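Note sheet for the following structure.
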2 protein chains.
Amino acid sequence: MGPYVNPDLQKERDGAGFDPENLTLELHGGVERVKTKRAMSAKALADLKVLDIPDFHFLSRTEQYNASMKKAVYFMKKDQNGSFANEEESYFYRNEMFPNENPPIGLQYAMFIPTLESQTSPEQKQRWLKDAKNFKMLGTYAQTEIGHGTHVRGLETTATYDPETEEFVLDSPTLTSIKWWPGSLGKTTNHAIVMADLLSQGKSHGVHPFMVQTRSMETHQPLPGVTIGDIGPKFGYGTIDNGFLKFDHFRIPRENMLMKYARVEKDGTFVKEAKNAKLNYGVMVAVRVGISLTVAAHGLAQACTIAIRYSCVRRQSELKPGGPEPQVLDYQTQQKKLFPLLASTYAYWFTGLQMLAVSNTIRAQIEAGNLHALSSGLKAYTTNGANLGIEACRLACGGHGYSLSSGFPKIYVHATPGATYEGENTVLYLQTARYLQKSVTTAQSGSTLRGSTSYLTENLPNKSAICQKVNIGCAIMAFKYRAMILVQQAAKRMSQLKASGKPHHEAWNLSAVPWVQAAEAHIEFYVVKTFAERISTVKDPATVSVLGHLFQLFACENILKNGKDYLMGGFMSSDQLQMLAEKSLNLLADIRPNAVALVDAFDYSDNMLGSILGRFDGDVYENLYKWAKASPLNKTEVSEAYHKHLRGLIHGQNSKL
Amino acid sequence: MGPYVNPDLQKERDGAGFDPENLTLELHGGVERVKTKRAMSAKALADLKVLDIPDFHFLSRTEQYNASMKKAVYFMKKDQNGSFANEEESYFYRNEMFPNENPPIGLQYAMFIPTLESQTSPEQKQRWLKDAKNFKMLGTYAQTEIGHGTHVRGLETTATYDPETEEFVLDSPTLTSIKWWPGSLGKTTNHAIVMADLLSQGKSHGVHPFMVQTRSMETHQPLPGVTIGDIGPKFGYGTIDNGFLKFDHFRIPRENMLMKYARVEKDGTFVKEAKNAKLNYGVMVAVRVGISLTVAAHGLAQACTIAIRYSCVRRQSELKPGGPEPQVLDYQTQQKKLFPLLASTYAYWFTGLQMLAVSNTIRAQIEAGNLHALSSGLKAYTTNGANLGIEACRLACGGHGYSLSSGFPKIYVHATPGATYEGENTVLYLQTARYLQKSVTTAQSGSTLRGSTSYLTENLPNKSAICQKVNIGCAIMAFKYRAMILVQQAAKRMSQLKASGKPHHEAWNLSAVPWVQAAEAHIEFYVVKTFAERISTVKDPATVSVLGHLFQLFACENILKNGKDYLMGGFMSSDQLQMLAEKSLNLLADIRPNAVALVDAFDYSDNMLGSILGRFDGDVYENLYKWAKASPLNKTEVSEAYHKHLRGLIHGQNSKL
C-alpha cells in the first residue's frame, strides 16, 4: 500500500482522461530537464531538512530575513564548491530552496556581477570581479530614488568630480534623491553600483554608474558619509532587505566610475568612449518574458493547483435536497471561477515558452522593436491576469483561503509586485502602444508592415464564422479583428485630437486609455495565436484533446469578457455570443474530470506550494490542525496578554482608568 | 501660518469647485453626528497617545494581538465606567481606536451578549447576563467547524443528554467536527455558545446552542476535556485570536442549553417551545448592509483617499518632452484607474445609507424577502468591488504602494474577508437569484410582482435613448433593461434544462452561472437607481454637480464593462457605446479638479488611513524616511544575520558544507 491519499482526490486521478506526465514534459522542457528538475528539487528538500528552517508563516519579518540568509549563505557556499554541474541544476535547486521567496543575496547574481561584466574597463574587471565571485564584495545596483522611479532623467543623486583629490563626491542633495528600494542594499551588501548625475567642470554629463563601498569590510558598519538601512516591512518580500542609501559628500576614487562607455580624465575632462551604451533589448525581452513565466504563469499555476485540489477534498452544502455534501468542484459556479484561470495559466505558460524560444533565435536580428513591444505587453498582460487570478483562487477557497496555511497569501504577495517592477504595467502597455502607433503611421505612409503588427493592413472578413465548435482559426481571427478595431479607434481619436490643434504629446495623453486597451487587445491576440501554435506541436492525442478544451475556454471567456468589441461593425452577432456563452458552460463540464490531472501536471512539490489546502495527498484537515497547534500564539496555554491585560478585567482589578 | 501642507496638495484644495464639508455632512449623517464623530475621534487619538501603542506594522502577529488587547481592555473599562453617552459615541471612539483592526473582544458585544439576550430563558438571563456585561464571563459564538461552513445541517459536534447525571456530553467525534474560526475563541474568552447536534433518547433533535465554560475562571487554563487554541496566523486579522475547540466527552449541566426555543426535561424528553426560533431577517439585512458600508465602502474610500492624494504629490516621468515631471494624476491612464473607483465608492456608500434607512422602516413589514435578497446581493456586489478596487489603488501607487507604510495592505487584508464571511459572495448571489427565480415563476402564474423585481413584468422601451448627456432616467433604464434580459436568459436556460428532463436541483446547478450574472445585474440596477435617488436629496448645487459627474462615470463605466448585454436585441447601438466611451474619458477630465476634495470629504484621520502616502498634509517623503529608520531591522546598524551567517561568507570562514 502506498502512502495515504485522500480518496476523493485519488478518484479524480484515477478518472483522468490523459497522463499528466505527458503535459509535465511539455511544460518543463522534456525528459532530461524534468529529470534534472526533480533531482535538484529532491536535493534541496533534503538540505532544507538538515538546515532545519522554521515554518515561514510563524516568523516575524526579521526572522524571515535571518532564515533566508541562512539558506542563501548555504546555497552560495555550495555553489562556490562546484556542487552544481550547470546553471540549470543551480536554478532548479534554488527554486525549491526559496519557494516564493527572494533570497537576500539574489542580486549578486542578477545585477551586480552582470553589471561588472558588462560596464567596466578591463582593469576594473581585474580589480573587482574575483572578489565579487568569491562573495568578498557583496553588491547591489542602486538606481531608484525615493522620489524617482523609472524615469532616469529625474534622478537627483550627484557625483561631482574634484580634480584636486581626483575623487568623485557623491551626494544626496535632496530628500527625494535618497536611493530607495534596491534589493539587499539595506543590511546585506557592502558595495553598490550607484547611478548618479555626473558633474564635472561645472557641467552635468548625465547619469552614470559608480562603484561605491557602503560598509566596512572589517566590521560591516556603514562608512562615514553613508546613511544606509532597510526601507521597512512590505506586503511580502520579508526575506530581502530592500534598502535606502543617503550620501553626505561621500568621496570615492576617480577610478570607481564604471568606465566602459565613458570616463573622466584626471583634470575633469569628460570622455565618451566610441562604443555607446545602448539598451540591450535581448536582455530586456528575456527578463520580461521571464517574469511572465516565473512570476505570472507559475504564481497562477500554484494558486490553481491549491484551489482545484482543495475543491475536490472540500465537501459543502447540498446540490440535491437532503443529499450528501458534494465536492465543491461539482458546483458550476466553482468551475466557472477556477477553470478559466486554469486555461489562462496554460495560455501564459505556453506563450512564454514559445516567446523565449523565438527570442533566442531572433534576438540578434532586427526584430528587436517588435519583440520588445510584445514582451513588454506580455509582461503586463500576464502579471495583471495573475494578480487577479491568484486572489480569485484564494477567495474560491472560502475562509480557509484566508489562513496563511493555505499558501495563497505568500504566493500572492510574491507575485503581485510583478505588476510594478521592471516597468509598471501601464507604462509597458504604452510602450506596446507606441509601437502600434508607429506601425499605423508606417502603414499610412504606404510601407509594408512586418512582424506582429502586419495584420493591421490585412483585409479581414467582416463577419466571424465562429460557431459551436469554436475552431482555432475562427477564434484567432476574432481576436485579430478586435485588436485591429481597437488600434484603429485609438489612432482615430489621436488624429482627431491633433487635427483639432492639440500638440502630439497632449493628443497622446488624451488618447492613452484607448491606446492601452488596443495594446491589451494586441497582446491577447498574440497569446491566443501562440497558445494554439504551441498546442499544435503536442503529439499525444489525449493531451491534445484536453488542451483543446482549455484553448476553447480561454477563447470563449475572453471574447465574452469584451463582447461589445466583437459585436462592433456586426463582426459577430448577439446570437453568436450567446452560443459562446453556452459553449463555455459546456466546456466547464468537459474539463471537470481532468481538472486535478491538469494541475498535477504543473509538478509542484508541497514545499513549493507551501499550502495545506493544496497538499498532493489531500490530507487537509489533519494537517491544518497540526499546523495551528504549532503556531506561536499557542506556545503557552495562557497568553501573555491574559496576564498583562485580561486578568484585571475579568477579576475587576485595576479598573480605574 | 498653519501647519505644513504640500503645496501641490494645497493647490488642489484651493482649486476645488465645491466645499467638501457639505459632502462630509451627507456621508456621515448631518452636523450633529459629524460633531460627535470628530469629538470621539479626537478623544481616541489622545488616549492612543497615552497608551503608547507601537507602530502596527512593526509588530509580529503575537505582538499585534497583545497591543490590541491592551487597547480593548482600556476601551471596555472606559465603557464600563460610563464614559460614553450613547452607542454612537462609543462607535466612533472604537472606530478610531481600532483602525482596520478587529479587537480581540469585539464578539462580546456583537454576538455573545446579543445571543444571551435573545435565546435564553428568563432564569438564564438572570444567571449569565450580569457577568457577561461585567466582563467576568468573556464569550464567543462557536458554530463553524473545520470541515463545515455555513451549512448548519452538516455540523458534527454532538451534545448527548445523559439523564443519569442530568448533563449534556459535548463531543467532537471526528476531525472535521473541530470548531474552527470563531473570533476570540482561541486565547481570549472563557466561555462559548456552542452549536451542537442535540442527541437525547437515542435520537437527534437538530442543532441547538449550549453555554460552555472553556477555561478556568481562576487560572484561565483550558478545562479538562477541552482542547482549545488559536488557528494560527492569517493574511490579516492579526489582532484577533480566531480559535479552534475540540471536545472530549466534556460535560455541562442540563441547564446550560439555551432554552428559549427548546429544552430537554430531566428524563431526556425533548420539548420544543411554542414560539419557534426563526431567522431574524431584519438583523441579517442590517448586518449585510453594514458590511457594504463599513467594510466595502469604507475600505474603498480609504484606498481612494490614499491613491488620489499621493497621485497629486507624486511627480513622475514627462508628459511634454523635456518638460517637468507632472503630477501622476494628470495622466489620463491614472485617472482611469482611480476615478471609476471613486465613483463606485460614492455609489456603495449612498446605496448603503439609503438601504439602511429603508430597512428601518420596512423591517417589520412583509417586504422581508425582497430586502433580504437585495441586502445579500448588495453585500456581494460591494465587497467584490472593494476587493478589486483596493488592490487597484495600491497598484496605482507603484512600488511605494507595496510598502506597509502605504496603508493599503492593512486596509486590503482587513476588507477582503468581507467577501467570504456572513455568507460567501457566490452563495449570496444565489440567494438573490432564488428570489428572482421565484419572481419569474410568480409572474408566469399571472400574479403581480411587487418590490424590487416588479420591473420584470414592465414593458421596457426596445431602444435606449441614452445620449451624450447620460441623463439619469436613460441610465437607470439601461441597467433595468440589462437586469431583465439576464433574468430572462437564466430562466430560459433553466426551463429548457427541466424540459429536457433534468430534475430541478440539477437544472439549477447547470444554470447557476447565468443566475449569478442575473443577480449581479439586478443589484447593479438597484445601486444605480438608489445612487440617483440619494443624489436627488442633496441641496447644494455645486455638490450636486460634482456628484452628477460621479454618477455619470459610474453609469458609463458599468455599461461599457458589460457592453455586449446592452447591445443585445438592439437596445443600444455600437455608436452609442462608442459615444459613452468618449464621454467617460471627458468625465475623467471633469472630475480631475475636484478629486482631492472628493476624498477629503470622506473625513478620515491620518490614524484611520494608517498611510504615509495618503497623509492629509502630503508630507510623504520625509515621513517615509522617518518610518523606515524606525523599522525593526534598523535597530542595529549591523544585523544579527551578518554575525551569524554573512561574516563567514565574506571572510571565507566556515566555508565547508
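Computed from a predicted model, the values in this text were never measured in an experiment.
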(message) Determine whether A:T426 and B:K337 satisfy the following criterion, side-chain hydrogen bond (donor to acceptor under 3.5 Å, both in side chains), listing intermediate values before the conclusion.
(response) CA-CA 10 Å; A:T426 304; B:K337 287 177 192 175; 2.7 Å; yes
(request) Check step by step if side-chain hydrogen bond (donor to acceptor under 3.5 Å, both in side chains) holds for B:T62 and A:K635. (result) CA-CA 11 Å; B:T62 301; A:K635 270 195 186 143; over 6 Å; no
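Ranked by heavy-atom pairs shorter than 4.5 Å toward chain A, the options B:A512, B:S317, B:P417 are led by B:S317. Of the listed residues (B:N66, B:T420, B:L633), the greatest number of heavy-atom pairs within a distance under 4.5 Å of chain A belongs to B:L633. In terms of non-hydrogen atom pairs under 4.5 Å with chain A, the most contact-rich of B:V620, B:L624, B:V516 is B:L624. Among the candidates B:E424, B:M568, B:E391, the residue making the largest number of heavy-atom pairs closer than 4.5 Å to chain A is B:E391. Chosen from B:A628, B:S405, B:G154, the residue pairing most often with chain A at heavy-atom distances under 4.5 Å is B:A628.
Between B:S403 and A:W181, the closest heavy-atom pair is N-CH2, 4.3 Å.
Aromatic pair B:Y402/A:Y237: ring centres closer than 6.0 Å.
For B:Y642, the part lying near chain A is the side chain, with the backbone staying farther off; criterion is any non-hydrogen pair under 4.5 Å. Heavy atoms of B:E637 lying under 4.5 Å from chain A belong to its backbone as well as its side chain.
If you run side-chain contact (heavy atoms from CB on, under 4.5 Å) between A:K187 and each of B:N634, B:V638, B:L646, only B:N634 comes through. Each of B:Y625, B:Y621, B:W627 was checked for a ring pair (Phe, Tyr, Trp, His ring centres under 6.0 Å) with A:F244, and the lone residue meeting it is B:Y625.
Between B:E318 and A:R153 there is a salt bridge, since at least one side-chain N of the basic residue sits less than 4.0 Å from a carboxylate O of the acidic one.
With values rounded to the nearest 0.5 angstrom, A:R647 atom CZ is found 10.5 Å from B:H220 atom NE2.
For B:S631 and A:R61, the side-chain atoms include no donor-acceptor pair closer than 3.5 Å.
Applying the side chain to side chain contact (heavy atoms under 4.5 Å, CB included) test to B:E63 and every residue at least two apart in sequence or in another chain returns B:L59, B:S60. Among residues two or more places apart in sequence or in another chain, the side chain to side chain donor-acceptor pair (under 3.5 Å) test is passed with B:D330 by B:R592.
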